Amino acid sequence: MVTITESKMEKLREDFPILSRRIHDKKLVYLDNSATTQKPKQVIDAITDYYTKYNSNVHRGLHKLSEEATVKFEEAHNKVAKFINSDSQELIFTKGTTESLNLLAYSLLTDLKKGDEILLTQMEHHSNLVPWQQLAKRFELNLKFIEIDKDGILNLENNPINNKTKIVSVAHTSNFLGTINPVKEIGKIAHENNALFVVDGAQSVPHMPVDVKDLDCDFLAFSAHKMLGPTGIGALYGKKELLEKMHPFNYGGDMILEVKFDDTKFNNLPWKFEAGTPNIAGAIGFGAAVDYLNKIGMENIKNHGLELTKHAMRRLNEVKNLEIYGPLRADRRGPLVSFNLINIHPHDTTSLLDDYGIAVRGGHHCAMPTMKLMNLVGSTRASFYFYNTKEEIDYLASTLDKVKGVFK
Ligand code: C6P
């Protein structure tokens, strides 16, 4: 197994200026990567270059600056598409996973009728639940859920798919439980039942090689900011033949080929779904992020994440009166661990850890129904990226003992 060596790690961390910050006079230990990752200089520089050297609008101007911006913007399209092994036409820039899923829900809605079913799981992020739920209420569709067991594993044998199911939409990796779902298998079940298969890749695309052709998913949503890129940009992949049939979600400039007073011919893919001036700086930053990830190698990132997760589970299991949620086996998880110190509110744990320079997330993690199902008010979540080290996890574990001390 190739992992990131210690000497490489030191060099690599220098690319992330924020990692040398001190918080409350302690070294920053950033373990909130599922919320958003830190940005390397290469990404920050790419964004600064755009604004300082060739800032202008894309696809419109006939001047040099606009040409340069358009080339860089389209390069970013191609890079991000290639990153998930899709064709460039099949990769739509959006504001992020949330907008990708909303775009999809609204665009697919026109083909659904009263009584049709949408199948989700009991571990979805609100972004892959609320859009479907609200449309289901308004248009008399039914939502169904694949259940999870006590370890946060899907019960696929008893899934409620049937001939009314039109869409199956599932998180690849749960942002609360960490579970990596068997999306290839779920996709097969969806397709055997003639349903469309949507993958929420917000927590998987940043951490493992994801190949849309291999997965055979119809759609995949993900966000740049969880994979070194800036906020406010993300992507929706869709199979070309499906995107061609779908209605645009937003109408306006740039998504048209020809407009008359009484009709409009829409632009080719992917621009048909990218109305208005896009997030140009964001897209260029996203492209630079993908370059950086490719340089490290997604297999290396996956392996390092697994090593850290194994170490975290071992070290956190040694902390007394601490319970961990999600799969017991580290290899069934993405690089994150949610836990609670028994009888201590996760907000207290999280803010006390902050006093020691440790940034983790505490709360419901936008998975309120899953929390309720598990009788929890929330959890503290430590989530890792390739710039994290085992020493940082050891520091988290020893600091948790100090946190417990406060409540004695
Ligand atoms: N989860 C977390 O701390 P946006 O906000 O659009 O970039 O991503 C939404 C989203 C969708 N699906 C999953 C599985 C996610 O984890 C997220 C974002 C962050 O867990 C912020 S709530």
Side-chain angles (χ1 to χ4, degrees), residues 30-39 80 84 92-106 120-134 145-146 148 152 154 168-181 183 186 198-208 210 217 219-237 249 279 282-283 285-286 289 305 325-327 333-339 346-347 350 353-354 359-371 376 378-385:
Y30 187 78
L31 302 178
D32 195 15
N33 294 287
S34 296
T36 199
T37 61
Q38 297 304 344
K39 321 301 172 201
V80 178
I84 54 159
I92 299 159
F93 279 142
T94 63
K95 284 197 290 192
T97 308
T98 304
E99 194 185 51
S100 298
L101 292 167
N102 274 278
L103 183 165
L104 204 51
Y106 278 97
L120 310 174
T121 78
Q122 285 181 332
M123 65 170 91
E124 295 311 315
H125 184 279
H126 296 165
S127 293
N128 194 30
L129 166 60
V130 183
W132 306 112
Q133 176 200 70
Q134 291 303 308
F145 296 91
I146 305 174
I148 54 174
L154 291 178
V168 178
S169 189
V170 170
H172 196 168
T173 300
S174 155
N175 69 314
F176 155 47
L177 297 162
T179 319
I180 299 176
N181 289 316
V183 278
I186 302 171
V198 182
V199 176
D200 172 352
Q203 300 292 351
S204 61
V205 175
H207 297 284
M208 60 171 93
V210 172
C217 56
F219 301 97
L220 172 79
F222 54 107
S223 300
H225 71 97
K226 293 183 193 295
M227 45 193 286
L228 310 182
T231 51
I233 182 117
L236 175 68
Y237 155 81
F249 173 49
N279 182 352
F286 198 178
Y325 311 109
R333 288 174 169 265
L336 66 98
V337 184
S338 280
F339 58 90
H347 284 171
T350 303
L353 288 173
D354 179 61
V360 290
R361 185 171 172 191
H364 56 64
H365 312 304
C366 301
M368 282 171 114
T370 320
M371 289 284 168
L376 297 172
S379 81
T380 297
R381 181 189 68 190
S383 53
F384 320 118
Y385 215 16

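Being a predicted model, the structure only gives us computed values, none of them experimental. Remember, it's 1-based here, ligands and their atoms both numbered in the order they're listed.
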May I ask you to identify, for [X], whether its side chain, its backbone, both or neither come under 4.0 Å of ligand 1 on a heavy-atom basis?
X    : value
R361 : side chain
A171 : neither
D200 : side chain
E99  : neither
R381 : side chain

Just which atoms of ligand 1 are under 4.0 Å from any heavy atom in [X]?
X    : result
S127 : 9 (C), 11 (C)
C366 : 22 (S)
S223 : 4 (P), 6 (O), 7 (O), 8 (O)

Expected output: side-chain [X] to main-chain [Y] donor-acceptor under 3.5 Å:
X    : Y    : answer
K226 : A224 : no
S174 : T179 : no
R381 : N175 : yes
S204 : T173 : no
T37  : H225 : yes
H125 : A171 : no

Note the single closest protein heavy atom to [atom], along with its residue, its atom name and the distance in Å.
atom                    : value
atom 19 (C) of ligand 1 : K226 NZ, 2.8 Å
atom 16 (O) of ligand 1 : Q203 NE2, 2.7 Å
atom 5 (O) of ligand 1  : T98 OG1, 3.7 Å

- Message: Over 60° means perpendicular and under 30° means parallel, so tell me whether F93 and F286 are parallel, tilted or perpendicular.
- Response: tilted
- Compute whether any side-chain donor of one residue and acceptor of the other, for S127 and T98, lie under 3.5 angstrom apart. yes
- Message: Going by the closest heavy atom to atom 15 (C) of ligand 1, which one wins out of H172, H365, H126, H125?
- Response: H125
